[in-house]
Structures are given as C-alpha cells and as structure tokens.
Amino acid sequence: MSVLVVGISHNTAPVALLERLAMTRDEVPKLVHDASTCAHVNEATVIATCNRLELYADVDRFHGSVEELSTLLVDRAGETTGAMLPHLYVHYDDGAVSHLFQVAAGLDSMAVGEGQILGQTREALRMGQELGTVGPALNVLFQQALRVGKRSRAETGIDRAAPSLVTAALERVGGDPTAPDDELDPTADLRSSVRGKRVVVVGAGAMAGLATATVARLGAEDIVVVNRSAERAERLAGEHGARPALLADLETELAAADLVVTCAGATGVLVTADMVASRPVQKPISFVDLALPHDVDPAVADLPGVTLVDLASLAEALHASEAGREVLEVRRIVTEEVGAFLAARRSASVTPTVVALRSMATSVVDAEMTRLDHRLPDLDPAIRTEVLHAVRRVADKLLHEPTVRVKELANETGAVSYAAALAELFALDPEAVTAVTRPEGLS
C-alpha cells in the first residue's frame, strides 16, 4: 500500500479559495471518479468539508499521481498551477497515515476536537465503497482512522478543547486587562464580557459556529455573522437568531460593535488598525482573534480603548489547562496508533513471501514422500507416518527462524527489503507470492 494525500485546507488557503473549491454532496462522486481514473491511481476517495478538500489515493507511482491529483484541484479552483500550488499539501505513505489519523481525531480541525469530521471521514469511506473506488488499501486505512477517532473521543475530553478555547478567550476579554498575558483571570465573570453587548462574528465555519452559539447563550444583545458567502452567513445566523452580513460590510459593522470574534483564517488581515481607528464612535471594543493565520492586525492592540486576545496570548495558559492536556493526550494516542498501524502493515507486507516459502517447503516434503513411496512401496503405514512427521518437523524448524526474523526486520528502518531477499534466496515463484494477496476473482 502506497497512500497519497493531496489536499487544501484552512491551514493553507484563504477562505475565498476554499469557498471556490466547496462542493455539494452531489458533486463529490464525480471528483472521486475522476481521481480513481487517473493513470497511476488504484483506489481513491475524497474528504470534502467547508474547510478542507482532500484526495486520498492508493498509487503505484508517486510523481505521476501527485501531478494528476493536483491538476484536479487546480482545475476545480479555476486557478493557474503556479497560483494554486503554494496552497496545496502532499502527504505520502507513512505521512499520509499520520495525517488521516490526525484529521479523524479532530487535531487538524479549525475547531480542535470537533466531532463532525469523524462523520465526514466515515462518509468518504462509504462513498468510495459505493462507487467501487475504495479497495483493500484505503478500506483498511479508513476503518482504522475511524477507530482512532472514536478512541480519541472515548478516552479523552478532546471534544471540549474548542469550547474551552472560546470560553478562555471571552474570560480574558471580561477579566482584568492589566493581567499578564500568560495568566487567565480565574475570577473573571464570563457573562459580563458578553451580556447586553453587540457582537460581530467573522467567519461561518465550525469555530465561528461555536463562537456564535456561545455568545448567544451568554446573552449577547445583538449578534452579526459576517462572511464572504451570503448563503453561509445566513445559515449560521439563522441557527442562533443573529443577523447575516457580507464581508464587504465588515468596516460598517465594526462601528457599533462592542465585541468582535474572528474565525476566518484568511490570508491577510481582515481587520486593520486603520479600520478600527477610523470608527465614527470611539467606544471601547474587544477583539477575540481565534484564526490562524490571524484575522486582526496585532497593531489594533496599541489603539486606545481596544483589547485584543489572540491564540498566541492564550497558548501557554491553554497548554497547561485541562483542555490542553486533553489535546496532548490525543496526540499521544494518534502517535501510538500510527506506530501500531505502520508496524502491522510492514509485518503484513512480508506475509505473502512467508506463505510462499512455507508452501514451497510443503511441496518439497510432498515430493520427497512421493519419491519414498515409489522406492519403498511396501513401507509400513505407521513408519511412513512417522517419517512424514519427522520430515515436516525438520522443515518447520528450518523455516521458523527465518520467518520470525523477516517479520521483525520488516519493522526496522532501512532500505533493505527482507521479503525480497528471502524470495531471492529461496528462488520463490513471484506468482506464488502475489497470488496470496491477489483480490478474489482476479487472475
């Protein structure tokens, strides 16, 4: 199995580009089909969300398949290759396994730990199975990724990480503005930072949805959801009794805002110091920037009456918090699961050779017993049985150490293919080796 991931996400691309790549449920099958028909692709499926579009493929050649899959994303975006490539990422083989496990566990989400991605990963597997584009390689990989995602949520509180991030930021806004950046004020009244205030939320993804729900619950008087896409702004605003607005109106919405929460993660800042300084009503305003890269120009913090809380100011405190510890525990689980999966995969890779070797030994024993029957046709059946058992024991003992060691050595790093060496030393028939893993019904 050689798995390749070519993708784009909120970590690498501006919101505008992600919105051009966004796909409806009915559009995804065509992209899966197009990926599966690429010359070097054996299996394929797609994870498509509002914040990511990733092609997963089992391939027989790295370079050719990278070019083919990248072209599919470039064409869909309507961009030139040169403009698109800086926003794409590629993971191959072991790196692809690690990436998918992190995605399923919620570590790569904008709202860390959100559970929706697990269902989206399951949907990618289901769709590939229904279309016939997912075979043994991706099926095993995605099934294990789903187990990793479930284990991460069952054994940790990772699903509380994103809510804790929003809460911690709002606590900082409502707390003592003179407190050190690395200390959250434990006495801050969370509701006082939101109740009765006019709140602007910038973005419409998972983190923006969480922020909108949180400020609504805490009693914000007026909530405005600002987004580049009117449809997504309307959908999120409608869920929480908020008002939608377009990104082009952001400067106008800032004029009367008390609190601004940004979660867009666009390339380039959305809120500049000049926009804030030029507000017609110069009243205190707080910014909570939960995006990476940041949406708010750090220079706004130097303006009078402005409070800015961003991920950097929360990082140390959150790292030491319960939510931060849960994230670290999920990272440990993912690392453990990746190691176990890769070890099992390497051991499995030598299984066909080991089976072929034992089949060859069995054939040699059978041939020698047939030869013995011809030379000693009157041999007592009981004695023949003992001879057969003795010859088989000899063969088993001779093969035991090589088969055990080849599985152990398969898990050691290095360029040597011990399975290939074993096949060469014992002159194994290549067809006998490949037949062990050949899908049923194929010849």
The complete set of ring-ring contact (aromatic ring centres under 6.0 Å, His included) pairs with one or both residues in residues 114-150, sequence neighbours excluded, reads Y56-F142
Exercise. Can E130 and R126 be said to form a salt bridge (charged side-chain N to carboxylate O under 4.0 Å, His left out), step by step?
Worked result: CA-CA 6 Å; E130 289 187 356; R126 183 200 63 78; 2.5 Å; yes
| field | Working for side chain to side chain contact (heavy atoms under 4.5 Å, CB included), residues L69 and C38 | value | CA-CA 8 Å; L69 296 179; C38 290; 4.2 Å; yes
Determine, for [X] against [Y], whether the closest basic-nitrogen to carboxylate-oxygen distance falls under 4.0 angstrom.
| X | Y | value |
| --- | --- | --- |
| D222 | K197 | no |
| R147 | E337 | no |
| E253 | R198 | yes |
| R325 | E329 | no |
| E27 | R76 | yes |
| E336 | R332 | yes |

| query | Can you tell me if E54 uses its side chain to pair, donor with acceptor, with the backbone of I47 under 3.5 Å? | reply | no
Side-chain heavy-atom pair [X], [Y] within 4.5 angstrom cut-off:
| X | Y | value |
| --- | --- | --- |
| L250 | V202 | yes |
| I117 | V103 | yes |
| H87 | L17 | yes |

- In this structure, are over 12 heavy atoms from other groups packed under 6.0 Å from E239 atom CD? yes
Task: Neighbour count >12 (heavy atoms, 6.0 Å) for atom CD, E155 - done: yes
Separation between CG (D310) and CG (D289), nearest 0.5 Å, reads 6.0 Å
Which of R195, K283, R279 passes salt bridge (Lys or Arg N to Asp or Glu O under 4.0 Å) with D258? Answer is K283
Kindly determine whether L118 and L146 satisfy side chain to side chain contact (heavy atoms under 4.5 Å, CB included), including the steps that lead there. CA-CA 7 Å; L118 194 59; L146 292 173; 3.9 Å; yes
Exercise. Can you list the steps and then say if K30 with D34 is a side chain to side chain contact (heavy atoms under 4.5 Å, CB included)?
Worked result: CA-CA 6 Å; K30 182 179 185 306; D34 290 346; 2.9 Å; yes
Inset, instruction - Would you sort out whether E67 and T71 count as a side-chain hydrogen bond (donor to acceptor under 3.5 Å, both in side chains), showing the intermediate values? - result: CA-CA 6 Å; E67 294 172 4; T71 298; over 6 Å; no
